[in-house]
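Before any comments, here is the structure.
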Amino acid sequence: MRRRTLLAAAFAGAVVTPALASGTARAADPGPSVTRTGTTTLDSQAVFFVSYDGLVNNNSFQKNGLLTYKGYQYAVWYTADRNAVVGRRVLGGSTWSTVKVGHTLKADDSHNVISMGVSKADGRLHLNMDSHSDGFTYVKSAAGLMDNPGGLSWTASRFGAPQSTLDGLALTSQFTYPQFISTPDGKLQLSYRVAVSGNGRNALAEYDGTKWTNLGEWSGSTGTYTSEHGSSTARNMYLHGIDYDRNGRLHSFFTWREQNGAVMCNSGGITNHDTGYVYSDDRGRTWRNNAGTVVGVTGGSDKVSVTDAGLVVDPLNPDHSLMNQESQFTDSAGRPHAIISYVPGRFGQCTTDYVADRTANGRAFHVRKNASGSWQKTEIPVPLNSSQRTKLILDKYDNAYAIFPFGRIAGASAASGYTDWKILFDGSGLNAFGEVVIDETRVAQDGVLSFMYQEKSSGTTPSALHVVDFRLPA
């Protein structure tokens, strides 16, 4: 392990030139736009309770709570009676067909989300659910169900019994944040966290169409991090995402959360600090920093660590209530983009109430690698008005869209170098509670931005769960 260094010099500033930031946009390419085409209701009475300032059906880090595959869209949620449900519809259709998968939500914990994945090797749908630093529940469909949706009935008999392992593979007794990723060669990977938030490690398992294999942990929780206030010797790497680009590279932005609150200026804040980035060119077996140096081996003794050089692409101390698990996307050239959010220094250098300060003064920023290989960062001039997360997608022209809490949508053009951010949809009429779940897979398939949101409620009174669609530039 080498001395921790920052790549602050890689930033050219908040204002960038179109030539540097884009490199692919043509003058004739349209800018960002959204046209609302319809809203469907998944459940008029979905389970509702607020936990960790969020909802179990609409935590934006659940990958994927909504996905599209071979002309059908799929959604997962918990009903008012806590049953785990998976629904599907023909793309653009108004009617969802739903099945219960034999599991009920065990606790009022918004982290116990349901995530979906598709194994292209055998056409199965996989679900992982109901886990926050404890065991998980796993369900998979019959082989071929996803390949022939029009010809196979959508019934509970198409799904296997709920399991507490991956077909007999036990991963960890402290499991959280399941995220399925389809590999370019048809396999399915499961990203997850081992242990707990202040002392956790990221790990991968892989399904080849026949069996699951545990690839092992790849991020480390040890090493010393020191701020101007104090030091910490344990932490967790929170991923902003984990995604393959069209060339087969696996990307992941992240932030660190320290175990020891002594690193903060005030105990009312949150110990998250720095935005980092790693990538893998061998299906997640080894991890490289921005310079291409191997900094971690999955399942090996050398893990990606806070003390590794070249990880940080946007330095920030723990005093600004930086959000974890925000969002990322890759553009048509395979360049990584991310949304991060925190309270900028102009509002003070010490947040004292994480939720209140983010709600009052939080801002989102667009961080991306440009065509010359430098990192650029632009503040999106839209107040968060929330403590929660913002999601990111890019359309076929590489225009960027930030989907804010309450379903607000802002956009920026590739042609401008992403300097012309503006509100495209203000969320009016949705009555959305907060975070939304994006269908990351649909954008490329039919040029539609589709997201799931739940209406505001109070206490534990159930409320309606919807999917809204917006047509993007053709």
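Scope of the values below: all heavy atoms of this structure, side chains included, with no hydrogens, waters or symmetry mates.
Using a 4.5 Å cut-off on side-chain heavy atoms (C-beta onward), Ile438 and Leu66 make no contact. The closest side-chain heavy-atom distance from Pro178 to Ser191 is not below 4.5 Å. When side chains are defined from C-beta on, Lys303 does not count as touching Arg201, because their heavy atoms never get closer than 4.5 Å. Side-chain contact between His273 and Tyr342 is absent, with no heavy atoms from C-beta onward closer than 4.5 Å. Side-chain atoms of Val448 and Val443, non-hydrogen and from C-beta on, never get closer than 4.5 Å to each other. Taking the side chain as every heavy atom from C-beta outward, Ser110 and Tyr52 approach each other to under 4.5 Å. With a 4.5 Å cut-off on side-chain heavy atoms, Trp375 and Pro336 count as touching.
A salt bridge is absent between Lys140 and Asp122: the closest approach of a Lys/Arg side-chain nitrogen to an acidic carboxylate oxygen does not fall below 4.0 angstrom. Salt bridge annotation for Asp331-Arg335: present, with a cationic side-chain nitrogen under 4.0 angstrom from a carboxylate oxygen.
A donor-acceptor contact under 3.5 angstrom links the side chains of Arg158 and Ser153, judged on distance only. Side chains of Tyr177 and His132: a donor-acceptor N/O pair is absent below 3.5 angstrom, by distance only. Ser221 and Asn199 form a side-chain donor-acceptor contact under 3.5 Å, judged by distance and modelled atom types alone. Between the side chains of Arg36 and Thr39, a donor-acceptor pair is found at a separation under 3.5 Å.
The residue from Leu166, Thr176, Leu190 that alone fulfils the side-chain contact (heavy atoms from CB on, under 4.5 Å) condition with Phe136 is Leu166. Here the rule is side-chain contact (heavy atoms from CB on, under 4.5 Å) with Met452, and of Leu42, Val436, Thr40 only Leu42 fits it. Among Glu435, Glu326, Gln388, the one residue that satisfies the side-chain contact (heavy atoms from CB on, under 4.5 Å) test with Ser60 is Glu435.
Side chain of Gln62 to main chain of Ile114: a donor-acceptor pair is present (N/O by atom type, distance under 3.5 Å, no hydrogens or angles). With Gln445 contributing its side chain and Thr68 its backbone, the two residues share a donor-acceptor pair below 3.5 Å. Between the side chain of Thr271 and the main chain of Glu258, a donor-acceptor pair closer than 3.5 Å is present. Using modelled atom types, one side-chain atom of Thr79 and one backbone atom of Asn83 make a donor-acceptor pair closer than 3.5 Å. Between the side chain of Asp395 and the backbone N or O of Asn399 there is at least one donor-acceptor pair closer than 3.5 Å. A donor-acceptor contact shorter than 3.5 Å links the side chain of Gln328 to the backbone of His251. Side chain of Asp308 to backbone of Leu311: no donor-acceptor contact under 3.5 angstrom is found. Judged purely by atom type and a 3.5 angstrom limit, Asn214 has no side-chain atom pairing as donor or acceptor with the backbone of Leu169. At distances below 3.5 Å, not a single donor-acceptor pair connects side-chain atoms of Arg235 with backbone N or O atoms of Ser305. Ser252 places a side-chain N or O within donor-acceptor distance of the main-chain N or O of Gly241, the cut-off being under 3.5 Å.
Pairing each heavy atom of Ser280 with each of Arg285, the nearest pair is OG-N, 3.7 Å. Scanning both residues, Pro405 and Thr390, for their nearest heavy atoms gives CD-OG1, 3.7 Å.
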- Task: Given salt bridge (charged side-chain N to carboxylate O under 4.0 Å, His left out), test Asp147 with Lys70 step by step and report yes or no.
- Result: CA-CA 7 Å; Asp147 294 330; Lys70 293 193 173 181; 3.0 Å; yes
- Item | Criterion ring-ring contact (aromatic ring centres under 6.0 Å, His included) on Phe61 and His240, from CA distance to verdict | CA-CA 8 Å; Phe61 55 73; His240 289 310; over 10 Å; no
For residues 461-474, run the donor-acceptor check on the side chains, cut-off 3.5 Å, and write out each pair with its distance to 0.1 Å, sequence neighbours left out.
unit_1	atom_1	unit_2	atom_2	d
Thr461	OG1	Ser458	O	3.4
Ser463	OG	Gln454	NE2	3.1
Ser463	OG	Glu455	O	2.8
His466	ND1	Thr41	OG1	3.0
His466	NE2	Glu455	OE2	2.7
Asp469	OD1	Arg89	NH2	3.3
Asp469	OD1	Arg442	NH1	3.2
Asp469	OD1	Ser450	OG	2.6
Asp469	OD2	Arg89	NH2	3.0

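Applying the ring pair (Phe, Tyr, Trp, His ring centres under 6.0 Å) test to pairs two or more places apart or on separate chains, those with a residue in residues 68-101 are Tyr74-Trp154.
Taking the centre and axis of the six-membered ring of Phe406, the NZ or CZ atom of Lys456 falls inside the cone set by 45° and 6.0 Å.
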